[in-house]
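Have a look at the structure below before the remarks.
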Amino acid sequence: MYVLIKDLPQHIGQEVTLRGWLYNKRGHKKLRFLILRDGTGLCQAVCFRPDLDEAAWNAADQATQETSLEVTGVVNPVDEEHHAPGGVELAVGSVRLVQVPADDYPITPKEHGVDFLMRNRHLWLRSQRQWHLIRLRNEVIFALRKFYYDRGFVCFDSPILTGAIGESAGSLFELEYFDLGSAYLAQTGQLYQEAAIMAHRNTFCFGPTFRAEKSKTRKHLTEFWMLEAEMAYCSHDESLQLQEDMVVYVVRWCLEQCGDALAEVGRDLAPLERAAEGRFERLLYRDAVKLLQKKGSDIQFGEDLGAPEETILGAEFDRPVFVCNYPRAVKAFYMKRNPDDPETVLCADLIATEDHGEIIGGSAREDDIDLLMERIAQEGLPAESYEWYLDLRRYGSVPHAGFGLGLERLVKYVGGLPHIREACCFPRMMEKLYP
RNA sequence: UCCGGCGUAGCUCAACGGUAGAGCGGGUGGCUGUUAACCACUAGGUUACAGGUUCGAGUCCUGUCGCCGGAGCCA
């Protein structure tokens, strides 16, 4: 009977067959411990020579790291002191090799450098830490989709190939598009979400986005997944509440569902448990500048927050913090002018704790067509390209708001990861296109 | 793009300007309960590349390439 390792505790005393790969091997003359991996977990398979026929023993002997194989044996419980993974082990009766690698498996049970591991990302994925991180990412994705589905949001996927539209033209991947000149890989799906909500009220898109910026930091990818939510008849404050609820929901979900993964990567749970309580501070940009100056930063009103400022703020609060209402000049043209403080716009960035930095950026959108056209002109953007976008203000414009969440940044934060590359399946960075 | 750092065995790293080494992985042998198993033996090198200084360069200098970290930009 073929069984998955995760289901072994339900088969104690039975003879089962595991199909997987050899993760590691230890042994004596008459006793071999095969650590098997089958994609659902790890299992120790014990080969005791007198219990195996010659062929099976030789097979166990020949299996090297990452040999694919089938192992049949009886499932036994394991006492505390031997602590095998999963609390069970397999008393092996027979072994069948599927494929034995001709060359040594490159990733050994010792330490490796980042460059080497990234070049072997396709194999690195099999390692325990990476396996758990992809599981964590999977749970974050599921929690996000469930959060929006439960609230009646419609998944409306924005196009990935676009004309020259977006926040800025300096960081777009450009490609030839038949006879229509250049197309660009989308940097954001937001403008399309604004069209979508006029049809569906509340929508989100969740897909890859592309930034051609030559960033070399632990927070940047050139290809990353972004969830962008947009809500019609929604105030800025209501948007902030939704963002907070979303982060709280995901963090709680992961605390409940991903204990193994969080333990595997050594995540300090205390900051997550505080975040799971909600009550994120909403700090005005004006106050943030004063606070930062008090903490030794030489930031002036009117300047955007840089990485050092994010670090200070991340350390100042014990849970994620919203920085609200930035000066108009440093933010995108579509953000709504703050009626109470016209120098600023109604927007917010969510800064995570422990130097994980910005994980959400959002705003109320300018719904007044005249103000919007004024801003498009100020930014020197090609007005023709935005005609359809302006139509959204011409035909039943309503107050609305939305935000974008960086998936890998959220996974990095939840997992407490030192670098964003581990939050992504095959990270794309400036110097990384292989594998 | 800018600033800083690094490049030595398949991998991770040592080596004062003076004979290139260890651990892991591989191979051979030993061991009936291992936990990144252990013990013994063994193979494995154009010290990133190109110049230069020096009696002598892995080490110092110049250039190129590659990578890492940070900045800007952002999620």
Side-chain angles (χ1 to χ4, degrees), chain A residues 23-35 42 44-51 64-66 76 78-79 81-85 89 91 101-120 123-124 127-129 166-168 170-172 187-190 206 208-229 243 303-311 330-332 348-352 355-362 403-413 418-421 423-424 429-432:
Chain A
Y23 190 69
N24 199 359
K25 183 169 75 169
R26 294 180 276 274
H28 302 259
K29 184 162 182 84
K30 293 182 181 172
L31 190 62
R32 294 285 152 81
F33 299 95
L34 310 179
I35 310 302
L42 292 181
Q44 172 163 281
V46 186
C47 302
F48 183 44
R49 183 151 200 179
D51 295 344
T64 58
Q65 198 186 354
E66 290 302 321
N76 288 324
V78 180
D79 47 35
E81 61 183 299
H82 295 311
H83 60 278
E89 67 179 17
D103 300 311
D104 301 339
Y105 186 68
I107 301 179
T108 66
K110 282 277 179 179
E111 294 156 23
H112 297 282
V114 173
D115 184 39
F116 174 78
L117 290 170
M118 289 301 296
R119 270 199 333 271
N120 289 283
L123 304 176
W124 190 23
S127 301
Q128 276 299 284
R129 177 183 166 92
E167 304 185 13
S168 61
S171 53
L172 294 161
Q187 265 192 333
T188 168
Q190 181 209 311
F206 194 12
T209 42
F210 306 88
R211 304 273 166 97
E213 276 147 7
K214 296 188 172 180
S215 302
K216 289 185 73 170
T217 79
R218 61 179 74 182
K219 294 172 186 166
H220 287 85
L221 294 165
T222 50
E223 175 184 326
F224 66 96
W225 277 57
M226 182 156 67
L227 188 150
E228 292 176 279
Q243 293 171 45
E303 294 171 3
D304 206 354
L305 267 51
E309 285 74 33
E310 275 188 13
T311 302
V330 300
K331 288 294 178 181
D349 291 344
L350 184 67
I351 313 291
D355 210 14
H356 289 292
E358 182 182 342
I359 55 178
I360 299 178
F403 54 87
L405 164 84
L407 171 69
E408 288 81 3
R409 287 194 180 172
L410 180 61
V411 172
K412 175 177 180 288
Y413 161 63
H419 199 292
I420 197 165
R421 63 185 157 228
C424 187
M429 294 176 294
M430 213 172 117
E431 316 282 358
K432 287 278 180 289

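The figures here come from the full heavy-atom set of this structure, side chains too, leaving out hydrogens, waters and symmetry mates. The sequence lines fix the lettering, A, B, ..., with proteins before strands; numbering per chain opens at 1.
- Across all strands, Glu228(A) comes closer than 4.0 Å to no nucleic acid atom at all (heavy-atom distances).
- The main-chain N or O of Leu172(A) is never found under 3.5 Å from a side-chain atom of Arg211(A) such that the two would form a donor-acceptor pair.
- Of the nucleotides present, none pairs with U54(B) by Watson-Crick or G-U wobble criteria with both distances under 3.5 Å.
- The residue Asn24(A) sits close only to the backbone: its heavy atoms come under 4.0 Å of sugar-phosphate atoms, none of a base.
- Between Gln44(A) atom CD and U34(B) atom P there is a gap of 10 Å when expressed in whole angstrom units.
- Pair assignment for C41(B): G27(B), on the basis of Watson-Crick or G-U wobble contacts that are both within less than 3.5 Å.
- Across the interface with RNA chain B, nearest-nucleotide mapping of Met118(A) and Pro50(A) shows Pro50(A) to be the residue nearer the 5′ end.
- Nearest to the side chain of Pro308(A), among U32(B), U34(B), G72(B), sits G72(B).
- Counting heavy atoms from C-beta outward, Phe224(A) and Ile420(A) have side chains that stay 4.5 Å or more apart.
- Remark: Lys29(A) is not in phosphate contact with U34(B), judged by side-chain N or O atoms under 4.0 Å from OP1 or OP2.
- Between Lys30(A) and U32(B) there is no side-chain N or O to OP1 or OP2 distance below 4.0 Å.
- Taking atom NZ of Lys25(A) as the reference point, atom C1' of C24(B) lies 16 Å away to the nearest angstrom.
- A donor-acceptor contact under 3.5 angstrom links the side-chain atoms of Glu89(A) to the base of G33(B).
- Counting non-hydrogen atoms under 4.0 angstrom, Glu310(A) reaches a base of the nucleic acid.
- Tyr105(A) contributes a side-chain N or O that, together with a main-chain N or O of Leu123(A), makes up a donor-acceptor pair within less than 3.5 Å.
- Comparing Arg421(A) and Leu221(A) along RNA chain B, the residue whose closest nucleotide (by nearest heavy atom) sits nearer the 5' end is Arg421(A).
- His419(A) comes within 4.0 angstrom of sugar-phosphate atoms only, judged by non-hydrogen atoms across all strands, and of no base.
- Here C67(B) is the nucleotide among C67(B), A75(B), A71(B) with the atom lying nearest to any side-chain atom of Lys432(A).
- If you check every strand for non-hydrogen atoms under 4.0 Å, Asp304(A) touches sugar and phosphate atoms only.
- Phe206(A) has its CZ atom 15 Å from the P atom of A75(B), to the nearest Å.
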Under 4.0 Å protein heavy-atom contact, by nucleotide of nucleotides 7-15 of chain B - B base, S sugar-phosphate only: ----SS---
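- Atom CD1 of Ile420(A) and atom P of G70(B) are 12 Å apart (whole Å).
- The aromatic ring of Phe224(A) is stacked on the base of A75(B), with the two ring centres less than 5.5 Å apart and the planes inclined by under 30°.
- One can place CZ of Arg26(A) at 17 Å from C1' of C39(B), the figure rounded to the nearest angstrom.
- Between the Thr209(A) side chain and the Thr188(A) main chain, no donor and acceptor come within less than 3.5 Å of each other.
- In the set A75(B), C74(B), G70(B), the nucleotide with an atom closest to the side chain of Lys216(A) is G70(B).
- Distances from the side chain of Ala307(A) to the nucleotides C67(B), A71(B), C73(B) place A71(B) closest.
- The pairing partner recorded for C67(B) is G5(B), the criterion being a Watson-Crick or G-U wobble arrangement whose two distances lie under 3.5 angstrom.
- Put simply, CE on Met429(A) is 21 Å from P on C73(B), counting in whole angstrom units.
- Taking every side-chain heavy atom of His220(A) into account, A75(B) is the closest of G69(B), A75(B), C31(B).
- Within the nucleic acid shown, Gly27(A) comes within 4.0 Å of at least one base atom, counting heavy atoms only.
- Ranking C74(B), C31(B), G26(B) by closeness to the Asp104(A) side chain, first place goes to G26(B).
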